[in-house]
Amino acid sequence: MPLVPRSLFTTDSVPERDRFAAWRSLFSAHDLDADPVGFSGSIETVVVGAMALRVMNAAPQGPSRSRSQIRRDGQDGFILHLSRHAYRVETEHGTTDVPAGAVSLNDLSQPYRRSRVPETGSLILALPRSSVAAVLPDEEALHGLILQGGTGRLLADHLRSLAANGHGLTTVEAAHVAQATLHMVAACARPSLEAADRASTSLDAVRLKSAKQFLRGHLGTPLRIDAMAKALGMSRSQLYRLFEPEGGIARTLARQRLAAIRTALDDPLERRSIGEIGEAYGFGNGARLSRAFRQVYGVAPRDYRAASGRTS
């Protein structure tokens with residue numbers, strides 16, 4: 001019975017000036033942040049059923065996938081990464097610290113960036129999307145998941161054992177081991193998915209509150225999503241997702257501006273004209289302000305102020 005396929009690549013056999021280029025060519029799915037000077041690395045790959053398990057030893061590097069690269073290469077699937085070093089993973093949902101010995105899980109169809117750390121006996125398990133989807137129907141939520149604690153340690157131990165013994169499996173045995181590994185990944189991921197969902201719901205409420213406070217502090221300035229995202233430490237997509245239940249960022253900002261204008265119109269000490277108040281809160285066009293105010297409050301700003309005894 002044939003054994004599983006196995007291969008080894010090392011930069012030792014490559015001229016020093018070409019080592020990083022040769023290494024980078026192995027990782028077409030990623031851009032690599034690394035120092036090419038003096039770079040060295042080795043990677044052993046064992047194909048276990050539908051999975052590929054790699055043991056990597058290499059100089060410090062940080063892989064990443066961008067939106068443009070994802071569109072360009074169309075590569076799909078999932079990557080589990082087990083490192084002896086702590087590192088950070090940045091996705092469109094934020095940045096997460098990954099402790100040494102924890103397993104991180106990333107979706108090749110979504111952007112991410114890992115901080116640069118040495119690869120010292122790192123274990124990398126590549127899983128096809130179809131295989132993962134068969135055991136975890138909500139596989140898109142796995143991106144950026146960190147598997148730690150009891151289940152994470154169990155999975156890490158399994159990966160280490162697979163790396164130590166996988167090359168001795170026959171192809172028939174490997175198919176069964178691959179299926180068992182998939183079910184272990186699913187069993188370990190489910191509690192983390194549920195915890196992440198609960199934490200995300202709570203965290204999103206805090207983020208939305210902060211974002212609304214940011215808007216209230218900038219009612220008189222043009223809305224710039226990039227600047228807002230940077231100030232709040234979020235991505236553009238995070239902001240758009242947070243405000244979806246609110247009808248969008250622009251609509252939320254418009255409501256806040258109109259509420260501030262209404263408060264000014266209620267103030268008996270307010271001496272500015274309606275046009276001046278509207279301009280101070282981002283409504284340079286009087287007709288646009290009147291239309292928006294009437295739509296929300298049922299009366300024009302002038303009529304609203306007149307009802308309180310003011311006429312200008």
Side-chain angles (χ1 to χ4, degrees), residues 9 11 18-37 39 41 43 45 52 54 56 58-83 85-98 102-119 122-133 136 138-147 189 193 196 200 203-204 207 211 224-244 249:
F9 174 84
T11 58
D18 299 326
R19 286 179 179 176
F20 183 63
W23 182 263
R24 189 169 52 187
S25 69
L26 297 175
F27 299 93
S28 59
H30 294 89
D31 288 326
L32 293 181
D33 171 29
D35 184 357
V37 179
F39 187 90
I43 185 165
T45 302
R54 300 180 175 93
M56 183 187 297
Q61 59 184 309
S64 64
R65 275 181 70 73
S66 62
R67 282 284 179 197
S68 59
Q69 186 174 14
I70 291 167
R71 288 193 298 269
R72 186 169 62 249
D73 64 31
Q75 294 202 37
D76 206 351
F78 292 87
I79 298 292
L80 276 73
H81 188 263
L82 172 59
S83 175
H85 304 275
Y87 58 93
R88 308 186 83 186
V89 176
E90 178 186 347
T91 70
E92 292 187 333
H93 300 298
T95 302
T96 305
D97 292 314
V98 183
V103 179
S104 66
L105 205 162
N106 288 108
D107 183 343
L108 289 176
S109 71
Q110 299 186 53
Y112 67 94
R113 178 184 301 276
R114 230 171 42 225
S115 61
R116 188 196 288 193
V117 293
E119 300 288 4
S122 298
L123 301 183
I124 300 157
L125 185 67
L127 301 170
R129 177 174 296 276
S130 58
S131 298
V132 175
L136 279 170
D138 49 353
E139 85 279 1
E140 290 185 357
L142 294 170
H143 186 52
L145 205 63
I146 310 302
L147 305 178
L193 279 174
S200 177
L203 185 57
D204 280 354
R207 285 172 171 165
R224 293 185 174 88
I225 299 296
D226 287 335
M228 181 179 177
K230 184 176 180 180
L232 293 170
M234 303 182 200
S235 66
R236 290 171 59 96
S237 60
Q238 271 185 297
L239 279 177
Y240 290 132
R241 180 178 59 81
L242 281 177
F243 281 94
E244 276 181 9
I249 302 174

Donor-acceptor pair, side chain of [X] and main chain of [Y], under 3.5 angstrom:
| X | Y | answer |
| --- | --- | --- |
| Thr11 | Gly41 | yes |
| Arg54 | Ile43 | no |
| Glu90 | Pro111 | no |
| Arg236 | Ala229 | no |

Query raised in the report: So, Asp35 and Arg116, do they make that salt bridge, N to O below 4.0 Å?
Result: no
Query raised in the report: Using 4.0 Å as the upper bound for N to carboxylate O, is an ion pair formed by Asp33 and Arg114?
Result: no
Identify the two heavy atoms, one from [X] and one from [Y], that lie closest to each other, and give their separation to 0.1 Å.
| X | Y | answer |
| --- | --- | --- |
| Gln61 | Ala34 | CB-CB, 3.9 Å |
| Ile79 | Ala126 | CD1-CB, 3.9 Å |
| Leu32 | Arg24 | CD1-CA, 4.1 Å |
| Ala29 | Gln75 | CB-OE1, 3.5 Å |
| Leu136 | Ala189 | CD1-CB, 4.1 Å |
| Gln69 | Ser64 | OE1-O, 3.7 Å |

Does a side-chain heavy-atom distance below 4.5 Å link [X] with [Y]?
| X | Y | result |
| --- | --- | --- |
| Leu142 | Asp107 | no |
| Arg241 | Glu92 | no |
| Pro60 | Val117 | no |
| Asp73 | Leu108 | no |
| Leu80 | Leu82 | no |

Drop me the distance from [X]'s [atom1] to [Y]'s [atom2], to the nearest 0.5 angstrom.
| X | Y | atom1 | atom2 | value |
| --- | --- | --- | --- | --- |
| Lys230 | Ser235 | NZ | OG | 15.0 Å |
| Arg72 | Arg67 | CZ | CZ | 14.0 Å |
| Arg65 | Ile70 | CZ | CD1 | 5.0 Å |
| Tyr87 | His85 | OH | NE2 | 11.5 Å |
| Ser68 | Asp31 | OG | CG | 7.5 Å |

**Report entry** Arg113 atom CZ, neighbour heavy-atom count above 12 within 6.0 Å
**Finding:** no
Requested in this report: Could you label the plane-to-plane angle of the Phe9 and Trp23 rings as parallel, tilted or perpendicular, counting under 30° as parallel and over 60° as perpendicular?
Outcome: tilted
Report task. Apply side-chain contact (heavy atoms from CB on, under 4.5 Å) to Thr96 and Thr91, showing your working. Result -> CA-CA 8 Å; Thr96 305; Thr91 70; over 6 Å; no
Requested in this report: Check the pair Glu119 / His81 against side-chain contact (heavy atoms from CB on, under 4.5 Å), numbers first and verdict last.
Outcome: CA-CA 10 Å; Glu119 300 288 4; His81 188 263; 3.4 Å; yes
